[in-house]
Amino acid sequence: MIERSALLGYLADLLQIHAYDDYAPNGLQVEGRATVQRLLTGVTASQALLEAAVEFGADALLVHHGYFWKGEDPVVTGMRRQRLKLLLDNDINLLAYHLPLDGHPELGNNAQLARRLGIEVTGRVAGQNGPELVFQGRLTPPSTPREFGARLASALGRTPLHIPGGGDRIATIGWCTGAAQGMIELAAAARLDAYISGEISEPTVHAARELGIHYFAAGHHATERGGVEALGTHLAERFQLEHRFVDIDNPA
């Protein structure tokens with residue numbers, strides 16, 4: 001068991017949350033019990049995940065995608081009211097870590113994706129404002145685009161969308177999980193053979209073709225399952241917590 005305040009302080013230091021200019025608050029978003037023994041983790045604080053937290057008897061729910069995003073309507077009605085009511089009625093803390101969880105060198109989404117795919121991390125791509133979130137690495141041995149697509153599908157449980165743009169071998173690769181398709185230009189400027197993210201937008205197709213780089217859209221949810229699960233496991237081991245990771249199916 002750990003005091004909530006101590007857990008929050010540990011996570012703030014571990015993830016270096018104050019280094020990031022993020023789209024939502026990192027840390028405690030909804031206050032619950034003052035102590036934490038049972039921790040449930042998941043990607044997004046959806047109603048289904050909240051219900052799983054209640055069933056588990058969680059003291060805290062830790063997610064990558066929480067609430068209170070910039071530009072969002074702040075009125076507490078409808079779906080938002082139902083979610084907040086469930087947390088408050090059951091005295092469950094909601095903790096959310098967005099960009100800091102993407103960037104952590106060991107527990108983060110990008111680091112965990114590299115581990116699942118067998119990519120050797122060689123550094124981060126320069127040219128980003130603030131902490132560098134786009135990782136780069138090497139495949140040993142190099143792979144054909146088809147082979148690499150199959151590796152992604154096997155590791156993540158879904159077939160990626162591949163936009164061919166480069167040569168017939170992939171040796172160097174960049175990646176940033178989630179909705180980081182716009183970073184493809186940084187990967188191309190670094191002369192990498194391929195770039196992976198979660199989502200794809202209409203301009204990404206043309207960018208891959210014109211910049212001469214392979215692009216793989218592997219799923220926002222699929223690419224961001226690893227970080228929060230790894231973080232939950234780390235916290236459970238360090239503070240002797242009961243931990244459960246719940247994966248709510250999401251094909252996007």
Exercise. Could you tell me whether a side-chain N or O of N250 sits under 3.5 Å from a main-chain N or O of A252, the two making a donor and an acceptor?
Key: yes
Quiz item: When rounded to the nearest 0.5 angstrom, what distance separates CD in E120 from OG1 in T122?
Solution: 6.5 Å
Practice problem: Evaluate whether atom CG of D89 has more than 12 neighbouring non-hydrogen atoms of other residues, nucleotides or ligands under 6.0 angstrom away. | Solution: yes
Exercise. Provide the closest heavy-atom pair for T159 versus A153 in the form atom of the first, atom of the second, distance.
Key: CA-CB, 4.1 Å
Quiz item: Does Q37 offer a backbone N or O that forms a donor-acceptor pair with the side chain of E242 under 3.5 Å?
Solution: no
Quiz item: Are I17 and L11 side-chain neighbours, meaning at least one heavy-atom pair lies under 4.5 Å?
Solution: no
Practice problem: Could you state whether Y20 and L14 fall into the same hydrophobic cluster, counting links through intermediate Ile, Leu, Val, Met, Phe, Trp or Tyr residues with side-chain heavy atoms under 4.5 angstrom apart? | Solution: no
Quiz prompt | Residues forming a side chain to side chain donor-acceptor pair (under 3.5 Å) with H162, sequence neighbours excluded | solution = H214
Quiz item: Once you round to the nearest 0.5 Å, how far does CD of Q240 lie from CZ of R238?
Solution: 10.0 Å
Exercise. Find out whether Y215 and R209 are in side-chain contact, i.e. whether some heavy atom of one side chain is under 4.5 Å from a heavy atom of the other.
Key: no
Quiz item: Going from CG on L62 to CG on L94, what distance comes out if it is rounded to the nearest 0.5 angstrom?
Solution: 8.5 Å
Exercise. Using atom types as modelled and distance alone, determine if a side-chain donor or acceptor of E185 lies under 3.5 Å from a backbone N or O of G182.
Key: no
Quiz item: Can you name the closest pair of heavy atoms from P25 and Y67 and give their distance?
Solution: CD-O, 4.0 Å
Practice problem: Would you name the heavy atoms of A45 and G66 that are closest together and state the gap between them? | Solution: CB-CA, 4.5 Å
Practice problem: For N109 and G227, indicate whether the former's side chain and the latter's backbone hold a donor-acceptor pair under 3.5 Å. | Solution: yes
Quiz item: Listed by chain and number, what are the salt bridge (charged side-chain N to carboxylate O under 4.0 Å, His left out) partners of D13, not counting sequence neighbours?
Solution: none
Quiz item: How far apart are the C-alpha atoms of V43 and V63, what are their side-chain angles, what is the distance that settles it, and do they pass the side-chain contact (heavy atoms from CB on, under 4.5 Å) test?
Solution: CA-CA 5 Å; V43 177; V63 298; over 6 Å; no
Practice problem: Mind running salt bridge (charged side-chain N to carboxylate O under 4.0 Å, His left out) on R138 and D193 for me, showing each step along the way? | Solution: CA-CA 10 Å; R138 180 173 297 278; D193 299 325; over 6 Å; no
Quiz item: Parallel, tilted or perpendicular: which fits the ring planes of F135 and W175, with parallel below 30° and perpendicular above 60°?
Solution: tilted
Quiz item: Is the closest basic N to carboxylate O distance between R158 and D249 below 4.0 Å?
Solution: no
Self-check item: Euclidean distance, L211 CG relative to H206 NE2, rounded to 0.5 Å
Solution: 12.0 Å
Exercise. Please tell me if the side chains of L15 and L231 come closer than 4.5 Å, counting only heavy atoms from C-beta onward.
Key: yes
Quiz item: Do any N or O atoms from the side chain of S154 and from the backbone of A150 form a donor-acceptor pair under 3.5 angstrom?
Solution: no
Exercise. Scan side-chain atoms only and decide if E224 and H65 contain a donor-acceptor pair under the 3.5 Å cut-off.
Key: yes
Exercise. Begin from the C-alpha positions of I248 and T44 and carry the test side-chain contact (heavy atoms from CB on, under 4.5 Å) through to its verdict.
Key: CA-CA 8 Å; I248 303 298; T44 299; over 6 Å; no
Quiz item: How far does CE of M183 sit from OG1 of T204, to the nearest 0.5 angstrom?
Solution: 12.5 Å
Quiz item: Do you know the tightest heavy-atom contact between I163 and A208?
Solution: CG2-CB, 3.9 Å
Practice problem: Would you kindly confirm whether V246 and L86 end up in one hydrophobic cluster when ILVMFWY residues are joined by side chain heavy atoms under 4.5 Å apart? | Solution: yes
Exercise. Specify the closest pair of heavy atoms between G226 and R116, including all atoms of both residues, with the distance to one decimal.
Key: CA-NH2, 4.2 Å
Exercise. Please confirm whether the backbone N or O of E132 pairs with a side-chain atom of R124, one donor and one acceptor, at under 3.5 Å?
Key: yes
Exercise. Begin with the C-alpha distance, continue with both residues' side-chain angles, and end with the deciding distance and a verdict on side-chain contact (heavy atoms from CB on, under 4.5 Å) for H64 and Y97.
Key: CA-CA 5 Å; H64 182 51; Y97 298 92; 5.8 Å; no
Quiz prompt | Y10 OH: over 12 foreign heavy atoms closer than 6.0 Å | solution = yes
Practice problem: Indicate yes or no: does R38 engage D59 in a salt bridge with an N to O separation below 4.0 Å. | Solution: no
Quiz item: Hey, what do you get for OG1 (T77) to CD (Q82), rounding to the nearest 0.5 Å?
Solution: 10.5 Å
Self-check item: 4.5 Å side-chain heavy-atom contact, L113 and L156
Solution: yes
Practice problem: Any chance you could pull the hydrophobic cluster mates of M1, using side-chain heavy atoms under 4.5 angstrom and chaining through other members? | Solution: none
Quiz item: Under 3.5 Å, side chain of N110 to main-chain N/O of D102, donor-acceptor pair present?
Solution: yes
Quiz prompt | Side chains of N93 and V30 in contact at under 4.5 Å (non-hydrogen atoms) | solution = no
Quiz prompt | Linked, directly or transitively: I196 and L161 (ILVMFWY side chains, under 4.5 Å) | solution = no
Quiz prompt | Residues forming a side chain to side chain donor-acceptor pair (under 3.5 Å) with S197, sequence neighbours excluded | solution = none
Quiz item: Short question: side chain of R151, backbone of L117 - any donor-acceptor pair under 3.5 Å?
Solution: yes
Quiz item: So I170 and T144, side-chain contact (heavy atoms from CB on, under 4.5 Å) or not? Walk me through it.
Solution: CA-CA 6 Å; I170 296 175; T144 67; over 6 Å; no
Quiz item: Okay, side chain of R83, backbone of S46: is any donor-acceptor separation there less than 3.5 Å?
Solution: no
Exercise. Please list, chain by chain and in numerical order, all residues satisfying salt bridge (charged side-chain N to carboxylate O under 4.0 Å, His left out) with D247, sequence neighbours excluded.
Key: R225
Exercise. Please name the pair of heavy atoms, one in A24 and one in W69, separated by the smallest distance, quoted to 0.1 Å.
Key: CB-CE3, 3.5 Å
Quiz item: According to a 4.5 Å side-chain heavy-atom criterion applied to Ile, Leu, Val, Met, Phe, Trp and Tyr, with indirect links allowed, do L7 and V228 form part of one hydrophobic cluster?
Solution: yes
Quiz prompt | Distance flag, aromatic centroids of H243 and H234, threshold under 6.0 Å | solution = no
Quiz item: Does the ring center of F216 lie less than 6.0 Å from the ring center of F148?
Solution: yes
Self-check item: Residues which pass salt bridge (charged side-chain N to carboxylate O under 4.0 Å, His left out) with R80, listed by chain and number, not counting sequence neighbours
Solution: E72
Quiz item: Donor-acceptor pair, R244 side chain versus T41 backbone, under 3.5 Å?
Solution: no
Quiz item: Are L95 and N26 close enough that some pair of their side-chain heavy atoms sits under 4.5 Å apart?
Solution: no
Quiz item: Taking a hydrophobic cluster as the set of Ile, Leu, Val, Met, Phe, Trp and Tyr residues connected by side-chain heavy atoms closer than 4.5 Å, whether directly or through intermediates, do L61 and F239 fall within one such cluster?
Solution: no
